[in-house]
Amino acid sequence: MSIVKSIQSKIIERIGQAANSARENGDLQFEKMPEFVLEVPREKTHGDFATNIAMLMAREAKMPPRKIAEIILRHLSNEGTWIDRTEIAGPGFINFFLDYRWLYQVPPQVVELNENYGKSQVGQGKKVQVEFVSANPTGVLHMGNARGAAIGDSLASVLGAAGFSVTREFYINDAGNQIEKFAKSLEARYLQLLGEAVPFPEDGYHGQDLIDTMKVLVEKVGDKYKSVEEELRRELLVKYALEEKISVIKKTLENFGVNYDIWFSEQSLHDGGEIEKTINELRDKGFIYESEGALWFKSTRFGDEKDEVVVRSNGLPTYFAADIAYHKNKFQRGFDQVINIWGADHHGHVARMKGAVQALGYEPDRLTVVLMQLVRLFKGGEILRMSKRTGTYVTLNELVEEVGKDAARYFFIMRSPDSHLDFDLDLAKSQSADNPVFYVQYAHARISSILRQAEEMGYSIPQVSNVDLSLLTEQSELELIRKIADLPEEIANAALNLAPHRMTAYAHDLAGLFHVFYTNCRVLIEDEKLRNARLMLAQAAGICIRNVLRLVGVSAPDQM
RNA sequence: GCGCCUGUAGCUCAGGUGGAUAGAGCAACGGACUUCUAAUCCGUGUGCCAGGGGUUCGAGUCCCUUCAGGCGCGCCA
């Protein structure tokens, strides 16, 4: 347990004991202990912690809150709690002021745990799967996929650091209608490249990338497939192109710092008969009916607006049917919690997907869909319209090339998933102070520089046992330590609330406090004892920044 | 028409499962480098938290409603 957490829970325990002993004494009346909180007040002048217990008890105890607070304080034991003093404030808050020396426990712990500092066990090893991007393999990755990649990957990292057992998964839509379209488009491009005047399918994939893919194939096999019978030809083209496309997607994501544990093929669900099996199971349970020659799932039974087709009248299962089978497969693999990162344009599917999960007999809350709003791209103050159909969009590769992986990931993570994101290409690209990612990285570079120079000057990095941290009494030093102490809770909260953007907010705060410390307190000074204390603090701050940036997939440079 | 998301400072956004006087960055103005990187720091101010009701000790946060914007409502994925 983190230092903050253990101090906090100790005080909570003492408050409860005080209330109980007041009741036994006859000073206070209540049936059940209210669910009070002990939180960090917004205002520093309100102490390190504050509790609302007196206000919650007022009605039942038939006493004004401040009076209750007084009684509780009279019964409160401070022993072994770091409580320095208490006060009753406002409508009846009890404020706790700690002996600031508790902070001196923090830096040694950070240095000792190093890259493990900030981790916790709130996840209790529960198995969580995060499925994200899962882009159509017929195209290249665009801005929406980029946001999904950043959010999904960082969320997975944060969950991992909070003690969940995480699996990153990409669902490959390598079956169904769009593969048909893909095949026709490929065929047309192939034949066109061989000089034939074949028309391009109206609803085909117009992107330049298909032409490029086929060019490479023509170089390899020439016109060998020209004479092959149509169905087989398309099959061969798809197989080749799909492999190539997926490997490009894989490489693109790796380049973006995203590595998956599992690449799951939709086709494998068709091949293994899992879709049919799942539909039969739903039929047996009475959730499937036939109408107009198609099979429908009764999603309205689960609060959806309308029922949904699972098998079309032509006998082919829909994407939804495959997705149901896929989710059954997920739960069968033993995941306690399944998280999908979807674009907001898919929000209409959430209700029916959860309905299907419930119909299969799983608790629907075990599926969480994180919806992220769409990305609008700005350049030169104007919106860039993106269209996949016409092949005009900025790709993930181009983005990384233009603004770099660090800035791109930081920008995507900075905002909560449900905010509409305006991505300003010019700002992300600017190597200037306006760019928030540099602010954080710069703090890390400064720390590295100090440690580097300490070594050059023959000042060895002190051993934990030889440092007297009580020499750190400047406000900027204490505030920096306080922030460092928060990391484990910050990560845990980001994980439990599925809110990776809290990590960049924390990183920014931490970096800011370091910059203030840096300005006010010189580290490499003559006074060996103070120097060692500050070296350790700087070291701890560096570890924190590094650990947070790692979670969001941004590098922590040693110099800039 | 129905559903989901959003509406907080001039701009971009934070605001744990309701807490005390609503915050940051950018932009604007004025200061700080003989000293560990000035990509930094310090100072100066701005809000009917979209509007209106309600719940309670207490609401930016919860409920209802109106308005505005985005997205979705295919035997597509």
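Proteins get letters first, then strands, A, B, ... in listed order; numbering begins at 1 in each. These numbers come from the heavy atoms of this one structure, side chains and all, not from hydrogens, waters or symmetry mates.
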Expressed in whole Å, how much space separates the C1' atoms belonging to B/U46 and B/U21? 16 Å

Please check the phosphate of B/C41 (OP1 and OP2 only) for any side-chain N or O of A/Y439 closer than 4.0 Å. yes

Hey, does A/E308 reach any base, or is it just sugar-phosphate, or nothing, if we go heavy atoms under 4.0 Å? nothing

Nucleotide of B/C75, B/C36, B/U12 approaching A/E292 most closely (side-chain heavy atoms): B/C75

Can you tell me whether the base of B/C49 sits syn or anti, using the 90° cut around 0 to define syn? anti

Using a cut-off of 4.0 Å on non-hydrogen atoms, how would the nucleic acid contact of A/A445 be classed: base, sugar-phosphate, or nothing? base

Report yes or no: is there a donor-acceptor pair, N or O only, under 3.5 Å between the side chain of A/T318 and the base of B/C75? no

What's the NE2-P distance between A/H420 and B/G70, to the nearest Å? 9 Å

Looking at A/R502, does any N or O in its side chain come under 4.0 Å of the phosphate oxygens OP1/OP2 on B/A14? no

Nearest-Å distance once atom C1' is located in both B/U44 and B/A50: 30 Å

Candidate nucleotides B/C36, B/A39, B/U40, ranked by approach to the side chain of A/V523 - the nearest: B/C36

Selected nucleotide, minimal atom distance to A/N177 side chain, candidates B/C36, B/C75, B/C76: B/C76

Measuring to OP1 and OP2 of B/C76, would you say a side-chain N or O of A/R312 lies under 4.0 angstrom away? yes

Would you indicate which nucleotide in B/C36, B/G70, B/C57 comes nearest to any side-chain atom of A/Q373? B/G70

Of the options B/A20, B/C75, B/C5, whose atoms approach the side-chain atoms of A/H46 most closely? B/A20

5'-most contact on RNA chain B: A/N497 or A/A294, nearest heavy atom basis? A/N497

Can you tell me the Watson-Crick or wobble partner of B/U12, both distances under 3.5 angstrom? B/A24

Hydrogens and angles aside, do A/S416 and A/R502 bring a side-chain donor and acceptor to less than 3.5 Å of each other? no

For the pair made of NE2 in A/H508 and P in B/A24, what is the distance, rounded to whole Å? 11 Å

When the distance from NZ of A/K354 to P of B/C4 is rounded to whole Å, what number comes out? 14 Å

Using a distance-only criterion (donor-acceptor N/O pair, under 3.5 Å, no hydrogens), is the base of B/A20 paired with the side chain of A/N95? yes

For atom C1', what is the distance between B/A14 and B/G7, given to the nearest Å? 15 Å

Measuring only the C1' atom in each nucleotide, how far is B/G23 from B/G15? A whole number of Å is fine. 7 Å

Tell me whether B/G70 sits syn or anti, counting syn as a glycosidic angle within 90° of 0. anti

Between A/L513 (CG) and B/C41 (P), how many Å, whole number? 10 Å

Among B/A14, B/G72, B/C13, which nucleotide has an atom closest to any side-chain atom of A/S416? B/A14

By nearest atom, which of the nucleotides B/G70, B/C75, B/A20 is closest to the A/A89 side chain? B/A20

Phosphate-side-chain proximity, A/K306 and B/G74, N/O vs OP1/OP2 below 4.0 Å: yes

Gap in Å between the two P atoms, one belonging to B/G60 and one to B/G70, rounded: 28 Å

Heavy-atom neighbours of A/Q337 CD exceed 12 at 6.0 Å: yes

Please say whether more than 12 non-hydrogen atoms of neighbouring residues, nucleotides or ligands are located less than 6.0 Å from CZ in A/R59. no

Atom-pair distance (CZ on A/F297; P on B/C75), nearest Å: 16 Å

Using a heavy-atom cut-off of 4.0 Å across all strands, would you classify A/A50 as base, sugar-phosphate, or nothing? base

Check the distance between B/C4's P and A/D304's CG and give it to me in whole angstrom. 11 Å

Residue matched to B/C33 through Watson-Crick or wobble contacts both under 3.5 angstrom: none

Taking NZ, NE, NH1 and NH2 as the nitrogens, is one of them in A/E477 or A/R534 under 4.0 Å from a carboxylate oxygen of the other? yes

Looking only at the side chains, is there a donor atom on one of A/E87 and A/N95 sitting less than 3.5 Å from an acceptor on the other? yes

As a test of understanding, state which of A/L530, A/L524, A/V467 forms a side chain to side chain contact (heavy atoms under 4.5 Å, CB included) with A/L535. A/L524

Per atom distances to the A/V516 side chain, the nearest of B/C42, B/G16, B/G19 is B/C42

What does A/E305 touch in the nucleic acid at a heavy-atom separation under 4.0 angstrom: a base, only the sugar-phosphate, or nothing? base

Which residue lies more 5' along RNA chain B, comparing A/I94 with A/R415 via nearest heavy atoms: A/R415

Touch check for A/R59, heavy atoms < 4.0 angstrom, all strands: base, sugar-phosphate only, or nothing? sugar-phosphate

Considering only heavy side-chain atoms of A/D418, the closest of B/U6, B/C71, B/U40 is B/U6

Using the C1' atom on both, measure B/U35 against B/G30 and round to a whole Å. 25 Å

Figure out the CZ/P separation between A/F517 and B/C42, and round it to whole Å. 14 Å

Looking for any heavy atom pair under 4.0 Å, which part of the strands does A/L56 touch: base, sugar-phosphate only, or nothing? base

Whole angstroms only, please: what is the NE2-P distance between A/H501 and B/U12? 18 Å

What nucleic acid atoms does A/F320 come within less than 4.0 Å of, heavy atoms only: base, sugar-phosphate, or nothing? nothing

Distance-only polar pair, side chains of A/T278 and A/E274, donor-acceptor under 3.5 Å: no

With both distances kept under 3.5 Å, what pairs with B/C67, Watson-Crick or G-U wobble? B/G7

Measure from NZ or CZ of A/R352 to the centre of the six-membered ring of A/F302 and say whether it is under 6.0 Å with the direction within 45° of the ring axis. no

In the strands shown, is B/C48 matched to any nucleotide by a Watson-Crick or G-U wobble pair with both distances under 3.5 Å, and which? none

Look at the side chain of A/H347 and decide which nucleotide, out of B/C71, B/U40, B/G15, has an atom nearest to it. B/C71

For A/Q441 and A/D406, test the side chains for any donor-to-acceptor distance below 3.5 angstrom and give the result as yes or no. yes

Strand partner of B/U56, provided both Watson-Crick or wobble distances fall under 3.5 Å: none

Pairwise C1' distance, B/G19 and B/G58 [rounded to whole Å]: 7 Å

Taking B/C4 as the reference, what is the distance to B/C26 when you measure between their C1' atoms (whole Å, please)? 31 Å

Please determine if a side-chain N or O atom of A/T51 lies less than 4.0 Å away from the OP1 or OP2 oxygen of B/G19. no

Carboxylate-amine/guanidinium contact A/D209 A/K245, below 4.0 Å: yes

